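Contents: one structure, followed by commentary.
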Amino acid sequence: MEKQLAVNRNNWNERTPVHAASAFYDVASFKKGRITLNHIERREVGDVSRKTLLHLQCHFGMDTISWSRLGAKATGVDFSDAAIDLARVLNNEVGANARFIRSNVYDLPEVLNEEFDVVFTSIGVLSWLPDLDKWASVIHCFLRTGGAFHILDKHPLMGMLRESETGDIRPASNYFSHERFFEGNSPTYTDGQPIASPTYEWQHSLGDIVTALAKAGLTIQYLHEFSVSAYRVFPCMTKHHDGWWRFPKHNHSFPQLFSIKAVK
Ligand SMILES: C[S@@+](CC[C@H](N)C(=O)[O-])C[C@H]1O[C@@H](n2cnc3c(N)ncnc32)[C@H](O)[C@@H]1O
């Protein structure tokens with residue numbers, strides 16, 4: 001898995017400046033004080049004031065700093081050098097007190113020895129991780145007893161659907177867990193330019209995600225499913241006034257996001 005993760009790290013280093021310049025991420029309004037967390041994340045994680053919070057796969061840190069603005073003692077982790085460098089610059093620029101660590105999720109126990117009240121990860125995370133059992137054991141390792149893990153991510157059903165030329169959404173690939181290789185030169189989920197470098201990505205079924213957390217020793221408190229998306233997964237989707245993307249038809253037929261709360 002080292003080869004695949006090195007390829008992906010290179011891709012995220014290339015993506016970071018493109019994302020930072022995008023309207024999607026809108027860094028300018030964040031600098032003026034915008035909280036970048038969405039209402040599902042804020043409602044489900046709840047009051048974080050004075051809590052210690054570990055944010056896995058934090059990208060360039062706007063969500064981590066937002067948790068810090070909401071009162072958490074927040075630590076963000078990401079394996080991209082460019083993302084962590086930018087997160088630290090933004091943290092200083094806005095006068096926040098979040099901490100950032102550059103590390104692969106899987107190697108984090110080798111560089112950090114602390115327990116947290118909350119471990120959080122969201123939107124666009126699991127498709128970058130080849131090994132869910134190891135991921136869940138890292139979460140278990142960093143939670144204090146009684147602490148809570150929260151994830152909000154793209155629903156795996158979305159990973160097997162494709163949009164036809166007529167705008168219909170159809171099942172087109174394997175739902176169950178498997179690896180995929182993308183050659184590159186493709187646009188990301190933002191409005192920025194295409195990224196030249198390739199990626200490896202992983203589809204994980206909902207059953208495998210829940211089972212990995214349970215096997216690691218965490219107690220699942222809920223598994224929620226939502227019929228909205230945080231970004232435009234398919235061209236036919238439109239953005240609504242509430243900021244969520246939806247299908248023009250079938251809107252209530254597909255879960256597009258899922259969230260889990262699991263406690264140690
Ligand atoms: C889609 S972003 C997370 C996005 C976050 N919700 C946001 O919008 O800022 C995915 C992040 O995962 C990071 N990542 C991917 N694989 C990783 C790994 N194995 N260890 C640590 N970070 C990883 C990437 O560098 C990237 O910053």
Side-chain angles (χ1 to χ4, degrees), residues 9 12-105 107-125 128 138-139 141-144 147-153 188-192 230-231 242-244 259 261:
R9 185 173 163 196
W12 279 101
N13 282 336
E14 191 186 343
R15 275 183 197 220
T16 298
V18 176
H19 284 186
S22 69
F24 179 92
Y25 275 103
D26 187 10
V27 173
S29 69
F30 165 77
K31 286 184 183 172
K32 289 184 192 147
R34 177 171 66 95
I35 298 288
T36 56
L37 299 154
N38 63 54
H39 75 83
I40 299 174
E41 294 163 331
R42 288 187 64 174
R43 184 181 66 229
E44 295 198 341
V45 177
D47 181 9
V48 292
S49 46
R50 291 180 299 283
K51 288 189 179 166
T52 53
L53 183 148
L54 177 66
H55 181 186
L56 299 177
Q57 295 176 252
C58 67
H59 203 20
F60 59 93
M62 296 204 300
D63 286 354
T64 319
I65 294 170
S66 294
W67 286 124
S68 174
R69 283 172 168 166
L70 293 168
K73 283 184 69 183
T75 301
V77 174
D78 201 283
F79 75 169
S80 157
D81 319 72
I84 290 297
D85 287 350
L86 179 56
R88 288 180 178 144
V89 168
L90 287 175
N91 192 49
N92 287 339
E93 208 175 319
V94 303
N97 64 354
R99 168 177 62 163
F100 290 97
I101 299 173
R102 201 212 61 74
S103 172
N104 192 324
V105 165
D107 299 335
L108 194 57
E110 289 159 35
V111 294
L112 184 67
N113 181 17
E114 275 173 47
E115 288 187 341
F116 293 82
D117 299 316
V118 177
V119 176
F120 169 81
T121 194
S122 86
I123 318 268
V125 285
W128 301 102
V138 170
I139 292 160
C141 160
F142 285 106
L143 273 179
R144 68 161 171 81
F149 169 64
H150 290 271
I151 181 170
L152 175 69
D153 205 359
T188 81
Y189 50 87
T190 74
D191 44 295
Y231 61 97
D242 57 8
W244 295 107
S259 68
K261 178 180 182 184

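Side chains are part of it too, since the values below use all heavy atoms of this structure and drop only hydrogens, waters and symmetry mates. Numbering of residues begins at 1 and proceeds along the displayed sequence. Predicted model only: the values in this text are computed from it and were never measured.
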Could you tell me whether the side chain of [Y] reaches within less than 4.5 Å of the side chain of [X], counting heavy atoms only?
X: Lys261; Y: Glu44; answer: no
X: Leu70; Y: Arg42; answer: yes
X: Phe100; Y: Ile65; answer: yes
X: Ile139; Y: Leu143; answer: yes
X: Ile123; Y: Asn38; answer: yes
X: Val94; Y: Phe30; answer: yes
X: Leu112; Y: Leu54; answer: yes

- Identify whether NZ of Lys or CZ of Arg in Arg9 sits under 6.0 Å from the centre of the six-membered ring of Trp12 and within 45° of that ring's axis.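 Verdict for Trp12: no cation-pi partner in Arg9.
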
To check you understand the geometry: which heavy-atom pair defines the closest contact between [X] and [Y], and what is its length?
X: Leu37; Y: Ser66; result: CD1-CB, 3.7 Å
X: Ser68; Y: Ala98; result: OG-N, 3.8 Å
X: Thr16; Y: Ser80; result: OG1-OG, 3.6 Å
X: Arg102; Y: Phe79; result: NH1-O, 2.8 Å

From [X] [atom1] over to [Y] [atom2], what is the distance, rounded to the nearest 0.5 angstrom?
X: Arg69; Y: Asn97; atom1: CZ; atom2: CG; value: 11.5 Å
X: Asn104; Y: Trp128; atom1: CG; atom2: CH2; value: 13.5 Å
X: Thr75; Y: Trp67; atom1: OG1; atom2: CH2; value: 14.0 Å
X: Ser122; Y: Ile151; atom1: OG; atom2: CD1; value: 8.5 Å

- What pairs of residues pass the side-chain hydrogen bond (donor to acceptor under 3.5 Å, both in side chains) test when at least one of them lies in residues 109-119, not counting sequence neighbours? Thr52-Asp117, Arg99-Glu114, Asp117-Arg144

- Sorted by chain and number, sequence neighbours left out, side-chain contact (heavy atoms from CB on, under 4.5 Å) with Val118 holds for Val45, Lys51, Leu53, Phe120, His150

Would you say [X]'s side chain and [Y]'s backbone share a donor-acceptor pair under 3.5 angstrom?
X: Arg34; Y: Asp26; value: yes
X: Asp78; Y: Ile84; value: no
X: Asp191; Y: Phe24; value: yes

- Query: Is it the case that more than 12 heavy atoms not belonging to Arg50 sit under 6.0 Å from its CZ atom?
  - Reply: no

- Task: Tell me yes or no: between the side chains of Asp47 and Ser49, is some donor less than 3.5 Å from an acceptor?
- Result: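 Yes, because at least one side-chain N or O of Asp47 sits under 3.5 Å from a partner of the opposite role on Ser49.
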
- Message: Would you call the rings of Tyr189 and Tyr231 parallel, tilted or perpendicular, taking 30° and 60° as the class edges?
- Response: tilted

Side-chain atoms of residues 55-63: list all donor-acceptor pairs with protein atoms under 3.5 Å, sequence neighbours left out, distances to 0.1 Å.
unit_1, atom_1, unit_2, atom_2, d
His55, ND1, Thr64, OG1, 2.9
Gln57, NE2, Val125, O, 3.1
His59, NE2, His19, ND1, 2.9
Asp63, OD1, Thr36, OG1, 2.5

